[in-house]
Q: 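Below is one structure. I have some questions about it.
Note on naming: letters A, B, ... go to the chains in the order of the sequence lines (proteins, then strands), and numbering restarts at 1 for each one. Hydrogens, waters and symmetry mates are skipped; everything else that's a heavy atom, side chains included, is used.
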Amino acid sequence: MPRPISNKTVADTLYEISLILDAEGVSFKPQAYEEAANTVRSLDEELSDLYKKCGLKCIDDLPGIGQSIAEKIEELLKTGRLAYYQKLKKKYPLDLLELTNIQNIGAKTAIKLYKKLGIKTVADLEKAAHAQKISKLKGFGQRTELDIIRQIAFKKLSRGRFLIHSALPLTESIIKELKSVSGVTHCEVAGSVRRRQETIGDIDLLITTSKPELAIKKFVSLPEIARVLEKGPSKIMVRYRFGMNGDLRILKPEEYGSALQYFTGDKEHNIALRKIAIKKGYKLSEYGLFKGKKHVAGKTEEGIYKTLGLDWIPPEIRTNSGELEAAAKHQLPDLIPYGSLKGDLQVQTNWSDGESSILEMAKAARAAGLSYIGITDHTQTLAVAHGLNEDKLKKQITEIDRVNKKIEGFKVLKSTECEILTDGRLDIKDEVLKKLDLVCVAIHGRTKMSSEEMTKRIIRALKHPLVNILLHPTGRIVNYREAYKMDFAQVLRAAVEYGVALEINSSYRLDLKDALIRQALEAGAKFTISSDTHSTGGFADLQFGIAQARRGWTTKADVLNTKPVDSFLKALKGLKK
DNA sequence: GCCGTTTTCGGCCCGACTGTTTTCAGTCG
């Protein structure tokens with residue numbers, strides 16, 4: 001017996017119908033469906049119970065629900081589906097409920113954005129807004145685009161946690177301001193920002209200063225701060241404009257290290273570390289490491305770990321999952337340093353859904369400190385992204401040759417984000433793929449297959465002799481979408497066997513996630529870290545991919561694009577043997 | 001599509017506001 005359809009499902013369905021009808025310019029029906037949805041939403045009794053009790057008549061008797069809608073509800077309750085609704089959804093396969101939940105986005109706007117830009121979800125919307133695609137549409141402007149970005153940020157706030165992508169730049173600008181205040185000797189962020197977690201709850205700032213009143217005055221007057229929630233002599237709590245909360249703690253210099261350690265966490269790591277301290281006859285707290293009453297360490301984090309017989313542990317891997325044991329044995333991995341990437345292997349241009357030309361992206365990459373990029377425009381199956389067919393890809397190859405002659409000390413590699421079809425074949429012919437410097441593959445469509453089908457699909461693509469990198473391997477999107485159902489261990493074995501590197505995607509996907517990176521590492525996989533940028537500003541995101549790699553215990557040697565272009569290509573091709 | 005009866009079809013809220021336009025469309029309340 002399937003679970004009975006909930007009132008919420010019925011109400012959502014009716015409401016979505018009203019949105020679609022409204023967008024289609026139908027008169028009066030939308031209000032009727034909306035009214036019916038509201039009635040259902042506010043019912044105390046479950047419709048399925050009501051229906052069992054007295055059938056269609058009781059539903060028809062509800063205010064705002066007449067014969068037609070009552071019959072639709074009956075169909076839903078009986079079969080779990082509604083043909084009328086599904087017909088509409090086929091025409092408009094976008095998440096209208098989610099999209100119209102954003103301020104100033106109504107059904108008409110949502111459907112217009114779907115028709116023009118293929119936007120189906122808030123994630124798509126955000127991506128398009130950041131890529132400045134919306135302001136280019138007729139009837140939309142820059143204000144609207146910025147407002148969309150702001151509104152989406154607010155939505156994320158309501159979920160409680162923000163992406164590191166927005167939290168870190170905010171944190172860094174505040175630290176910069178505070179460091180410029182007279183008397184400040186240290187200023188650093190602790191907590192999940194320092195550990196570079198995917199999502200951030202609040203921003204914990206620590207400072208030491210000889211003039212606390214000046215630092216406090218500066219802090220509470222920062223434009224980023226919306227409201228001061230609490231203000232004492234050593235701790236200030238605020239709400240930032242983007243909705244995140246944060247603390248500023250003013251510390252004594254001799255406690256700075258122990259406070260930094262304590263507030264950085266994570267909790268499991270701290271508990272385990274305190275147990276080690278107890279075992280060795282110490283007591284560890286945010287105020288220092290004590291032997292009896294004697295303060296033996298606490299000015300620096302290094303001093304605390306060292307006194308306990310441990311190497312200093314990078315914040316990203318403080319999770320109590322083997323790092324303390326490794327630190328005791330002096331066997332911590334030498335994590336890939338920030339800023340150590342020489343190339344970016346996923347870059348979209350205006351040949352598909354990116355916003356800038358190949359040359360503009362190359363110049364921006366060079367300015368960001370890189371010496372090569374791979375151009376990975378989408379391929380033909382991804383029509384919404386204006387994917388390239390064989391002819392266009394060949395033309396792009398010629399264009400890249402031209403760009404390479406124009407730009408010195410930099411290399412643009414010919415590549416592709418080639419779509420993996422449902423059965424695992426690629427949607428570009430081998431004869432064209434062969435002309436590329438490297439071939440990246442990815443999945444965008446038909447993501448909801450069974451685990452068996454998906455595993456088979458990906459492995460078939462990995463087996464293709466020309467394939468070098470699997471992009472965003474699991475399809476997950478932070479805070480938004482789970483990974484596809486698949487047998488990751490099998491995919492991993494195939495990647496290693498067929499010599500395909502796995503991408504660590506630096507965008508809001510952060511795909512692979514840390515645990516899978518570590519699993520892949522143990523299986524002998526190699527990685528590339530890429531930005532997946534669609535605009536010239538996107539190369540800054542690479543730091544988040546590095547953070548992700550670090551949380552997965554990855555070293556420089558594990559990440560192929562830490563190498564200069566020639567040895568990168570050699571190493572990548574070398575995986576095939 | 002619902003409602004309310006004037007029992008079988010006509011009425012259903014609409015103006016403020018905003019961003020984009022240059023006279024309007026869409027959202028919100």
Q: Between dT27(B) and dT21(B), how far is it from one P atom to the other, in whole Å?
A: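 It works out to 16 Å between them.
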Q: Heavy atoms under 4.0 Å is the rule here; annotate nucleotides 19-28 of chain B 5' to 3' with B where the base is hit, S where only the sugar-phosphate is, and - elsewhere.
A: SSS----SSS
Q: For the C1' atoms, the ones on dC9(B) and on dG15(B), what distance do you get once it is rounded to whole angstrom?
A: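 About 29 Å, rounded to a whole number of Å.
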Q: Between Asp511(A) and Thr474(A), do the side chains contain an N or O donor and an N or O acceptor separated by less than 3.5 Å?
A: yes
Q: Work out how far the C1' atom of dT8(B) is from that of dC13(B), and round it to whole angstrom.
A: 25 Å
Q: Is the distance between the ring centroids of His444(A) and His378(A) under 6.0 Å?
A: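 When the ring centroids of His378(A) and His444(A) are compared, they turn out to be within the sub-6.0 Å range.
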Q: For residues 106-113 of chain A, please give each side-chain donor-acceptor pair under 3.5 Å, one per line with the distance, not counting sequence neighbours.
A:
none

Q: Can you tell me if Thr379(A) and Asp427(A) form a side-chain donor-acceptor pair at under 3.5 Å?
A: yes
Q: When you check the gap from the basic side-chain N to the acidic O, do Lys53(A) and Asp49(A) get nearer than 4.0 Å?
A: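 Looking at Lys53(A) and Asp49(A), the cut-off is not met.
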Q: Of all heavy-atom pairs between Ser530(A) and Glu503(A), which one has the smallest distance, and what is that distance?
A: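 Taking every non-hydrogen atom into account, CB-OE2, 3.1 Å.
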Q: As a test of the definition: with a 90° window around 0 for syn, would you call dT8(B) syn or anti?
A: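 Syn conformation for dT8(B).
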Q: Check the angle between the aromatic planes of Tyr84(A) and Tyr33(A) and answer parallel, tilted or perpendicular using the 30° and 60° thresholds.
A: parallel
Q: Pull out every protein N or O sitting under 3.5 Å from an N or O of nucleotides 2-10 of chain B, one pair per line with the distance.
A:
from   : atom 1 : to       : atom 2 : distance (Å)
dC2(B) : OP1    : Gly66(A) : N      : 2.7
dC2(B) : OP1    : Gly66(A) : O      : 3.2
dC2(B) : OP1    : Ile69(A) : N      : 3.1
dC2(B) : OP2    : Ser68(A) : N      : 3.4
dC3(B) : OP1    : Gly64(A) : N      : 2.8

Q: How far does the P atom of dT20(B) sit from the matching atom of dA25(B), given to the nearest Å?
A: 16 Å
Q: Can you tell me, in whole Å, how much space there is between the C1' of dT22(B) and that of dC28(B)?
A: 24 Å
Q: Can Gln132(A) and Ser135(A) be counted as having a side-chain donor-acceptor contact under 3.5 angstrom?
A: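 On atom types as modelled, these side chains do not qualify, holding no pair under 3.5 Å.
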Q: Could you tell me how far dG11(B) sits from dT6(B) if I compare only their C1' atoms? Round to whole Å.
A: 13 Å
Q: Using atom CG of Asn38(A) as one end and atom P of dG29(B) as the other, report the distance to the nearest whole Å.
A: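 Going from Asn38(A) (CG) to dG29(B) (P), I get 14 Å.
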Q: Go ahead and name the base partner of dT27(B); Watson-Crick or wobble counts if both distances stay under 3.5 Å, otherwise write none.
A: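 In the structure as shown, dT27(B) has dA16(B) as its Watson-Crick or wobble partner.
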Q: What is the minimum heavy-atom distance between Leu393(A) and Val432(A), and which atoms define it?
A: CD2-CG1, 3.9 Å
Q: Please state the C1' separation for the pair dT5(B) and dG10(B) - nearest whole angstrom.
A: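 Result for the C1' pair: 11 Å, nearest Å.
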